[in-house]
Engineer: 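Pasting in a structure now, in structure tokens, and then I'll have a few things to ask.
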Amino acid sequence: EYTVGVVGFDKENREKVVFYKFTTTQPTGPAPTIAIDPQPVDEPWHEVSLNVKVQHALNMWVCLETKAKYDQVLDQPGFSGTLGDIIHNNGIQLTPEQLQKALTEGILCQSEELNPYTEYMYGFYAVNEELVTTTETYVFRTEAAPMTLSPSSATICLLYTSPSPRDTR
């Protein structure tokens, strides 16, 4: 239940105050839904690819960061926000074209500049016409970088053992 006050003045500068009380109703439409489908990548030590499809959304935001950074913000003393707030305030809002694609066939969210063996979190935040929000996340760890040796960078270690002296007795 809410109360809104309106203050007005007439020609003689007399103040008039009117209060209106009202109650909001529950949303009637469906809440946004976000489906995340991981896609194969060639180099899982520094890239990720997700197909993301949303339904019943008017806007959507995407945010990729290390999971440790998300946790650091959430654990700050005095922080009263939510994970959705972090994604909404720090993420990238989809363009109308990207949103339309996400609503129909899905959009591809890719990153190819990740650090090996690091835990990341993709955050997705969607809102519908009635301002109902949905937050979904995808947490993943990149693989360790493969060890590759090329002839120019290989180090060869040879152990040389001298022949033992002969016993001449």
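Numbers here are sequence positions counted from 1.
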Engineer: Taking only residues two or more places apart in sequence, or in another chain, which ones meet Gln98 in a side chain to side chain donor-acceptor pair (under 3.5 Å)?
Structural biologist: Thr95
Engineer: Same cluster or not: are Val7 and Val4 linked, directly or through other Ile, Leu, Val, Met, Phe, Trp or Tyr residues, by side-chain heavy atoms under 4.5 angstrom apart?
Structural biologist: no
Engineer: Does atom OH of Tyr2 have more than 12 heavy-atom neighbours, drawn from other residues, nucleotides or ligands, at distances under 6.0 Å?
Structural biologist: no
Engineer: Distance check, rounded to the nearest 0.5 Å: Tyr122 atom OH versus Cys63 atom SG?
Structural biologist: 10.0 Å
Engineer: Report yes if some heavy atom in the side chain of Val6 is under 4.5 Å from a heavy atom in the side chain of Val17; otherwise report no.
Structural biologist: no
Engineer: Measure the shortest side-chain to side-chain distance between Val54 and Leu103 over non-hydrogen atoms and say whether it is less than 4.5 angstrom.
Structural biologist: yes
Engineer: Is there a path from Val41 to Leu50 through hydrophobic residues (I, L, V, M, F, W, Y) whose side chains come within less than 4.5 Å of each other?
Structural biologist: no
Engineer: With a 6.0 Å cut-off on ring centres, are Tyr20 and Phe22 close enough?
Structural biologist: no
Engineer: In terms of hydrophobic clusters joined by side-chain contacts under 4.5 Å, are Ile87 and Leu74 together?
Structural biologist: yes
Engineer: Starting at OG of Ser80, measure out to CG of Asp85 and round the result to the nearest 0.5 Å.
Structural biologist: 8.0 Å
Engineer: If you look at every heavy atom in Pro32 and Thr134, which pair is closest and at what distance?
Structural biologist: O-OG1, 2.7 Å
Engineer: With a 4.5 Å heavy-atom cut-off, do Met121 and Thr66 have their side chains touching?
Structural biologist: no
Engineer: Answer yes or no: are there more than 12 heavy-atom neighbours, outside Phe79 itself, under 6.0 Å from its atom CZ?
Structural biologist: yes
Engineer: For Phe140 and Tyr138, I'd like to know if the aromatic rings sit close, meaning centre-to-centre distance below 6.0 Å.
Structural biologist: yes
Engineer: Distance from Leu99 atom CG to Trp61 atom CH2, nearest 0.5 Å?
Structural biologist: 9.5 Å
Engineer: Would a single hydrophobic cluster contain both Val127 and Val132, if residues Ile, Leu, Val, Met, Phe, Trp and Tyr are joined by side-chain heavy-atom contacts under 4.5 Å?
Structural biologist: no
Engineer: Is it true that atom CD1 of Ile92 has more than 12 heavy atoms of other residues, nucleotides or ligands lying nearer than 6.0 Å?
Structural biologist: no
Engineer: Atom CD of residue position Glu113 - does it have more than 12 heavy atoms of other residues, nucleotides or ligands inside 6.0 Å?
Structural biologist: no
Engineer: When you look at Gln110 and Val48, which way does the side chain to side chain contact (heavy atoms under 4.5 Å, CB included) test go after all the steps?
Structural biologist: CA-CA 6 Å; Gln110 295 179 300; Val48 65; over 6 Å; no
Engineer: Keeping the roles fixed (side chain from Asn128, backbone from Leu131), state whether a donor-acceptor pair exists under 3.5 Å.
Structural biologist: yes
Engineer: Is any side-chain heavy atom of Asp42 closer than 4.5 Å to one of Glu47?
Structural biologist: yes
Engineer: Is the shortest side-chain heavy-atom distance between Asn59 and Gln93 below 4.5 Å?
Structural biologist: yes
Engineer: Can you get from Ile34 to Ile86 by hopping between Ile, Leu, Val, Met, Phe, Trp and Tyr side chains that sit under 4.5 Å apart?
Structural biologist: no
Engineer: For Glu1, is there any backbone N or O sitting under 3.5 Å from a side-chain donor or acceptor partner on Lys21?
Structural biologist: no
Engineer: If I compare all heavy atoms of Ala144 with all of Trp45, which pair ends up nearest, and what's the gap?
Structural biologist: O-CB, 3.7 Å
Engineer: Could you tell me whether the side chain of Ile107 reaches within less than 4.5 Å of the side chain of Asn51, counting heavy atoms only?
Structural biologist: no
Engineer: When you measure from the side chain of Glu143 to the backbone of Tyr117, do you find a donor-acceptor pair of N or O atoms at a distance under 3.5 Å?
Structural biologist: no
Engineer: Could you check whether any side-chain N or O of His56 sits under 3.5 Å from a backbone N or O of Ala31, counting only pairs where one atom can act as donor and the other as acceptor?
Structural biologist: no
Engineer: Could you give all pairs that pass the salt bridge (charged side-chain N to carboxylate O under 4.0 Å, His left out) test and reach residues 57-84, with sequence neighbours left out?
Structural biologist: Glu65-Lys69, Lys67-Asp71
Engineer: Quick one: pull up CE in Met60 and CG in Leu94 and give me the separation to the nearest 0.5 Å.
Structural biologist: 5.5 Å
Engineer: Measure the shortest side-chain to side-chain distance between Pro44 and Thr142 over non-hydrogen atoms and say whether it is less than 4.5 angstrom.
Structural biologist: no
Engineer: Nearest 0.5 angstrom please: Glu136 CD to Leu83 CG, how far?
Structural biologist: 10.0 Å
Engineer: Can you see whether Tyr120 has Arg141 sitting over its ring - NZ or CZ less than 6.0 Å from the centre and within 45° of the normal?
Structural biologist: no
Engineer: Supply the atom-to-atom distance Leu58 CG to Glu129 CD, rounded to the nearest 0.5 angstrom.
Structural biologist: 5.0 Å
Engineer: Do Phe124 and Thr137 come close enough that some side-chain heavy atom pair is under 4.5 Å?
Structural biologist: no
